[in-house]
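Atoms within a ligand are numbered from 1 in the order they appear, just like the ligands themselves.
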Amino acid sequence: MVEVDKLGGVCLNRGCIPSKALIASAVQYKKFKEAESFGITAAGPVSYDWNAMTARKDKIVGNLVNGIGQLFKSHGVAHYLGYGKLIDANHVLVVDENGGETKLKAGNIILATGSRAMNIPAFPVDGHRILTTDHMLEVNNLPTSILIIGAGVIGCEWAFMLSMLDVEVQMVEMLERALPLEDAGISRLIERELKKAKIKLFAATKVEEIRPGQQGVSARLSNGKTIEVNQVLMAVGRAFNTEELGLAEAGVKTNKNGSIKTSADMRTNIKNVFAIGDVRGEIMLAYTAVHDGTIAVDNALGGKVRKDYLGVPSVIFTHPEVASVGLTEAQATEKYNIAVGKFPLRALGKAHAENEIAGEVKLIGNKKSDRLVGAHIVGAHATEIIHTAALAIRQSLTVAQLGSMIFGHPVISESIMEAAHDLHDSCVHLARKRK
Ligand code: NAD
């Protein structure tokens, strides 16, 4: 195993885990501010210490990174610290930070070099005024105002987190809606929550120019507005780490966008060279990368397996959370005659007990077969409860089967059962629909 940086990659060092640690701090701060509504009187005004929050984040990350090192030792994985480059289809050159070189020979090679924040050349990232989340994770002080370019997954997660930490947030998204890859209903609900959080979203808008301004930077938008903010956060997608990898030397083919061409067994065009995760360019998620990894290893060891992404959930750590699995309503309508069931969280006892009544569960079924084809959730614990629906889709269950399950009570997951009942017009916990 060759790694140039700390073990754990983007997910553990600069992505999923550190951002979730900070989001947990931000949510905790928000909850403290709402303590009175839970019957708690705090002694004084609630405040937070950003450096203490980032120190907590660093400790969590550090422990997990060390954990990987220990797992490597326990499983007998040899770890080479340095930059790896293919010499040919069976050899990798590892160059360490002092320029020392080690040549490794391997029967099979797996490329798992991932991705990095994409840069827009017109708005060069300087880590000072124009930042990526890599910089945001390390800043000593949060800005008082920020403009986030891109209202995709990263943009929305950071928008809610920074807003909970009292940063004034504005967002620009070039497509029509926030989280444009999600179901349109999810975008509508999350845009309502952005509004409630006083986060200003300019959708279907581009940034024309960014230049130094009175407050730090001044951004001119395609809608004619100019906004002044302390900093700009770029969240416009990710670029593949395929340069300087020796792909040409080994004869490995790439796609037009620079990602590595692979087939469903994770092999590149060179039979013994595999590629997994973001660098394949198909789906940029840590958990599908893990799935890719198991497929590549099985095949490298003589197996004959192919990737199977049926029922991969999307989990987005906004506040409230967003999660989905399967087809959006627009995609499902193109393929099937569909039925839709919905259940709002405000109709749920547990949601009231937790003071988290925003959001809803929406299920989409194939009317003919009754198979569940899509589930879309906005609300508290959405990223946890989605897995019930993901299991149903992966195992081709019907909506009736999902609805017949006996859920515990009171739990947020009950909303899935209720939405399944609503899809069959038999939800007793919603007012009767007029025919
Ligand atoms: P993204 O593709 O989700 O969002 C980027 C957004 O920026 C898009 O909506 C796009 O329309 C917009 N955009 C692009 N150029 C723009 C411009 N010039 N002006 C305005 N808007 C512009 O990418 P991301 O948010 O950077 O995330 C990268 C990847 O990481 C994604 O695949 C995402 O799924 C993954 N990720 C997942 C999680 C999670 O699972 N919770 C968290 C973070 C990131």
Would you call Glu34-Lys30 a salt bridge at under 4.0 Å N-O? yes
Any chance the side chains of Asp166 and Tyr48 put a donor and an acceptor closer than 3.5 Å? no
Pairing donors with acceptors under 3.5 angstrom, does anything connect the side chains of Glu182 and Ser324? yes
Which residues pass the salt bridge (charged side-chain N to carboxylate O under 4.0 Å, His left out) test with Lys196, not counting sequence neighbours? Glu193
Any N/O pair Met174/ligand 1 closer than 3.5 Å: yes
Best match, Glu321, Glu157, Glu176, Met284: closest heavy atom to atom 32 (O) of ligand 1: Met284
Is it the side chain (CB and beyond), the backbone, both or neither of Leu285 that lies under 4.0 Å from ligand 1, heavy atoms counted? side chain
Looking only at distance, does Glu173 have an N or O less than 3.5 Å from an N or O of ligand 1? yes
Can you name the atoms of ligand 1, numbered from 1 with element, that are less than 4.0 Å from a heavy atom of Val315? 39 (C), 40 (O), 41 (N)
Between Ile316 and ligand 1, is there a nitrogen or oxygen pair with a distance under 3.5 Å? no
Ligand-side contact atoms (ligand 1) for residue partner Ile120, heavy atom cut-off under 4.0 Å: 18 (N)
Within the side chain of Glu354, is there an N or O that forms a donor-acceptor pair under 3.5 Å with the backbone of Glu356? no
Has the side chain of Arg371 got a donor or acceptor atom that lies under 3.5 Å from a matching backbone atom of Ser396? yes
Tell me, which protein residue and heavy-atom name are nearest atom 26 (O) of ligand 1, and how many Å apart are they? Gly237 N, 3.0 Å
How does Val153 reach ligand 1, if at all, at less than 4.0 Å between non-hydrogen atoms: by side chain, backbone, both, or neither? both
Interfacing atoms of ligand 1 (cut-off 4.0 Å, heavy-atom, Leu175): 11 (O)
Nearest non-hydrogen protein atom to atom 4 (O) of ligand 1, with distance, is Gly152 CA, 3.3 Å
Can a salt bridge be assigned to the pair Arg14 and Glu138 using a cut-off of 4.0 Å between side-chain N and carboxylate O? no
Can you report which non-hydrogen protein atom sits closest to atom 19 (N) of ligand 1, along with the distance? Ile149 CG2, 3.5 Å
For ligand 1, the portion of Arg238 having any non-hydrogen atom under 4.0 Å away: side chain
For Val172, the ligand 1 atoms with a heavy-atom partner under 4.0 Å come out as 20 (C), 21 (N)
Lys/Arg-Asp/Glu bridge criterion (N-O < 4.0 Å) met for Lys307, Asp292: no
Are Lys20 and Glu157 ion-paired here, with the side-chain N under 4.0 Å from a carboxylate O? yes
for atom 7 (O) of ligand 1, nearest protein heavy atom and its distance come out as Gly150 CA, 3.3 Å
Residues Asp308, Arg394: salt bridge by 4.0 Å N-O rule: yes
Contact with ligand 1 for Lys206, non-hydrogen, under 4.0 angstrom: no
Please check this pair: side chain of Glu384 against backbone of His381, looking for a donor-acceptor N/O pair closer than 3.5 Å. no
Could you find the nearest protein heavy atom to atom 44 (C) of ligand 1 and give me its residue, atom name and distance? Ile154 CG1, 3.3 Å
Would one find an N or O of Pro180, backbone or side chain, under 3.5 Å from an N or O of ligand 1? no
Assess the side chains of Asn355 and Ser37: does a donor N or O sit below 3.5 Å from an acceptor N or O? yes
Contact atoms of ligand 1, heavy-atom distance to Ala235 under 4.0 Å: 5 (C), 6 (C), 7 (O), 26 (O)
With a cut-off of 4.0 Å, which atoms of ligand 1 are near a heavy atom of Phe317? 41 (N)
